[in-house]
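First the structure, in the form of structure tokens, and then the observations on it.
Just so you know, residue 1 is the first one in the sequence shown, and it goes up from there.
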Amino acid sequence: MHPTLAADRDRLSELLQSVHALAAKELAGLDERPAWQPGSTPAPEPLPAAGSGTQGALARFTERWAPGFSGSAGPRYLGFVTGGATPASIAADWLTSVYDQNAGGSGGSSAAALERETLTWLRELFGLGDAHSGVFVTGSTMSNAVGLAVAREWLGERRDVSVSEDGVAALGAVTVLSGAPHSSITKAASVVGFGRSSVRRTPLLPGNREAVDVTALARELEELDGRPAVVVANLGTVDTVDFDDLRAIAALKERYDFWLHADAAFGAFAALLPSHAHLTDGLDLADSVCVDLHKWLNVPYDSAVLFTRRQDLQVRVFHNSSPYLGLPALPDPDFLHLTPENSRRLRALTAWFSLVAYGREGHREIVARNTAAAADLGDALAQVPHLRLLAPVRLNVVCFTLAGSPTPEAVRAAVEAVAATGEAFVTPTSYRGVPALRAAFSNWRTTPADTERALAAITEATAPTA
């Protein structure tokens with residue numbers, strides 16, 4: 001054994017204490033770490049020849065790289081939809097590496113059973129029935145890609161071809177209908193072979209809505225003249241957190257042939273709030289469902305789940321044929337037969353720890369507090385003369401812009417000005433053709449005091465100069 005490696009093995013407990021000390025220090029200061037770090041990155045260095053051991057690597061990382069990391073896990077990072085990491089999930093993430101289980105198979109380890117238990121809990125949390133089976137993946141993009149891949153096999157079944165055997169060319173042209181799809185849907189359509197142009201935007205409801213007009217959707221399905229399609233329903237659009245009417249969409253199945261995929265990446269968590277649970281009504285009717293856990297469950301990257309009613313088709317797409325892996329046996333195939341991955345870390349452990357540690361009520365409190373913070377920020381920004389809201393605050397995102405006729409350049413400058421304060425971070429967007437900014441609340445650390453600080457930073461940084 002290499003002497004440095006042997007020395008690290010013999011000092012492992014001491015080394016972990018050093019890592020613990022750094023982690024504790026960084027977490028204690030996370031609330032005050034700048035939400036955005038614009039500083040320059042270190043110049044590249046050559047690959048070390050001999051190596052300096054873990055302690056040396058830790059020292060070098062602390063000196064060169066740690067200072068440039070942003071406070072993206074902190075309470076005033078309001079860009080995208082970015083959660084943090086609860087104490088329980090941090091502990092679990094460390095243990096995930098300690099135990100280093102390959103969760104692709106079930107042989108010789110209880111890891112797969114833990115994942116199945118966690119999936120059962122999540123299914124209950126979001127109001128899904130026993131007909132849905134689940135699997136952990138890396139994020140909502142992969143979850144949507146897996147969902148569309150299962151839909152692809154369903155389309156083949158409807159057209160009496162085997163896409164998994166003969167390729168997507170055997171399927172012919174595909175139509176994916178959606179009102180306000182997330183960008184990951186077009187990316188997923190590219191990955192599974194439908195092509196980005198297969199995604200057709202269906203008209204939305206009038207007014208400040210991003211929800212699909214179900215009557216218009218019915219017309220588009222009618223125009224397909226009986227050809228099966230894929231419909232992507234959106235539960236929590238990215239700019240204004242609008243929700244499609246899932247029950248009304250599902251009812252169209254009585255007349256039209258389509259696979260219903262629900263992109264509920266963070267909107268599924270509305271099910272935890274009695275005041276908002278109606279927004280997810282009908283989720284169980286979807287054929288596949290995407291939920292992203294490193295958003296509002298506040299577990300570390302990367303973690304998401306895909307649920308589907310057609311595990312048999314999922315296995316047909318992703319099964320790995322090899323004598324040493326065995327055959328996939330329904331209803332509980334090894335997870336390597338359900339996603340593009342063979343080797344996969346035990347992502348479920350962070351979710352399991354958080355659910356055990358805080359339960360349904362603890363996670364409901366996080367969602368409720370973030371939702372209240374978004375409402376408070378929206379109310380306050382509506383009173384700022386040089387800013388204006390573009391849509392109602394429906395859940396956890398505030399969509400606003402500069403007063404007057406903002407340009408993309410002005411909005412980009414405003415985003416950079418807010419970021420430069422270090423106090424908050426928001427992201428740019430375009431809502432109904434208007435360049436805009438959006439602030440998304442999904443971090444368990446965010447308090448009313450953080451909302452006040454973010455408000456001050458946004459107000460001051462976007463104020464017109466004299």
Side-chain angles (χ1 to χ4, degrees), residues 132 135 137 139-204 211-235 237-238 244 246 248-265 285-290 304 306-319 338-340:
H132 276 98
V135 63
V137 291
S140 57
T141 298
M142 183 54 69
S143 180
N144 283 327
V146 172
L148 291 193
V150 182
R152 184 185 64 191
E153 198 66 15
W154 175 85
L155 287 169
E157 186 179 68
R158 307 305 287 171
R159 299 182 186 184
D160 200 27
V161 299
S162 175
V163 180
S164 60
E165 292 296 328
D166 300 324
V168 74
L171 194 57
V174 171
T175 299
V176 180
L177 300 173
S178 189
H182 187 266
S183 60
S184 62
I185 295 297
T186 51
K187 184 174 184 177
S190 173
V191 169
V192 304
F194 293 164
R196 295 176 188 269
S197 63
S198 70
V199 181
R200 286 173 28 188
R201 289 179 175 264
T202 303
L204 305 176
V212 72
D213 183 331
V214 179
T215 301
L217 176 61
R219 284 197 301 267
E220 300 230 11
L221 289 167
E222 182 71 32
E223 291 171 2
L224 294 177
D225 197 25
R227 285 180 286 122
V230 177
V231 172
V232 176
N234 301 292
L235 276 75
T237 55
V238 69
D244 288 341
L246 265 179
I249 295 173
L252 296 178
K253 284 193 166 193
E254 297 176 6
R255 288 181 282 158
Y256 307 108
D257 201 18
F258 61 91
W259 177 276
L260 177 55
H261 176 75
D263 184 355
L285 299 174
D287 297 298
S288 53
V289 178
C290 158
L306 183 281
F307 293 99
T308 182
R309 289 176 166 273
R310 293 297 305 271
Q311 189 185 69
D312 59 321
L313 298 182
Q314 187 177 10
V315 167
R316 196 183 300 172
V317 175
F318 295 109
H319 77 273
L338 298 176
T339 77

*Just do the side chain to side chain contact (heavy atoms under 4.5 Å, CB included) check on Val315 and Leu338 with the steps written out, would you?*
CA-CA 6 Å; Val315 167; Leu338 298 176; 3.6 Å; yes

*Could you tell me which residues satisfy side-chain hydrogen bond (donor to acceptor under 3.5 Å, both in side chains) with Trp259, sequence neighbours excluded, listed by chain and number?*
Ser288

Going by the rule salt bridge (Lys or Arg N to Asp or Glu O under 4.0 Å), which residues pair with [X] if we only count those two or more places apart in sequence or in a different chain?
{"X": "Lys253", "answer": "Asp287"}
{"X": "Arg158", "answer": "Asp257"}
{"X": "Glu222", "answer": "none"}

Can you give me the closest heavy-atom contact between [X] and [Y], atom names plus distance?
{"X": "Arg200", "Y": "Glu220", "answer": "NH2-OE1, 2.8 Å"}
{"X": "Ala189", "Y": "Ser198", "answer": "CB-OG, 3.9 Å"}
{"X": "Lys187", "Y": "Thr141", "answer": "CD-CG2, 3.9 Å"}
{"X": "Phe258", "Y": "Ile249", "answer": "CZ-O, 3.3 Å"}
{"X": "Ala149", "Y": "Val192", "answer": "N-CG1, 3.9 Å"}
{"X": "Ala304", "Y": "Ser140", "answer": "CB-N, 3.9 Å"}

With rounding to the nearest 0.5 angstrom, report the [atom1] to [atom2] distance, [X] to [Y].
{"X": "Met142", "Y": "Leu306", "atom1": "CE", "atom2": "CG", "value": "10.5 Å"}
{"X": "Thr237", "Y": "Asp244", "atom1": "OG1", "atom2": "CG", "value": "8.5 Å"}
{"X": "Cys290", "Y": "Leu235", "atom1": "SG", "atom2": "CG", "value": "10.5 Å"}
{"X": "Leu221", "Y": "Arg255", "atom1": "CG", "atom2": "CZ", "value": "9.0 Å"}
{"X": "Leu217", "Y": "Leu204", "atom1": "CG", "atom2": "CG", "value": "11.0 Å"}
{"X": "Tyr256", "Y": "Glu223", "atom1": "OH", "atom2": "CD", "value": "10.0 Å"}

*Between the side chain of Asp213 and the main-chain N/O of Thr215, is any donor-acceptor distance below 3.5 Å?*
yes

*asked:* Under a 3.5 Å distance rule, please check whether Arg310 uses its side chain to pair with a backbone N or O of Trp154 as donor and acceptor.
replied: no

*Among His132, Arg309, His261, side chain to side chain contact (heavy atoms under 4.5 Å, CB included) partner for Val289*: His132

Side-chain polar contacts of residues 164-182 - donor-acceptor pairs under 3.5 angstrom, sequence neighbours left out - could you list them?
residue, atom, partner, partner atom, Å
Ser164, OG, Glu153, OE2, 3.1
Ser164, OG, Ser162, OG, 3.4
Ser178, OG, Val232, O, 2.8
Ser178, OG, Asn234, ND2, 3.0
His182, ND1, Ser184, N, 3.0
His182, ND1, Ser184, OG, 2.9

*Measure the shortest side-chain to side-chain distance between Leu246 and Leu285 over non-hydrogen atoms and say whether it is less than 4.5 angstrom.*
no

*I would like to know whether Val230 and Leu148 meet side chain to side chain contact (heavy atoms under 4.5 Å, CB included); could you show each step before the answer?*
CA-CA 8 Å; Val230 177; Leu148 291 193; 4.0 Å; yes

*Non-neighbouring partners of Ser183 that pass side chain to side chain contact (heavy atoms under 4.5 Å, CB included), sequence neighbours left out*: none

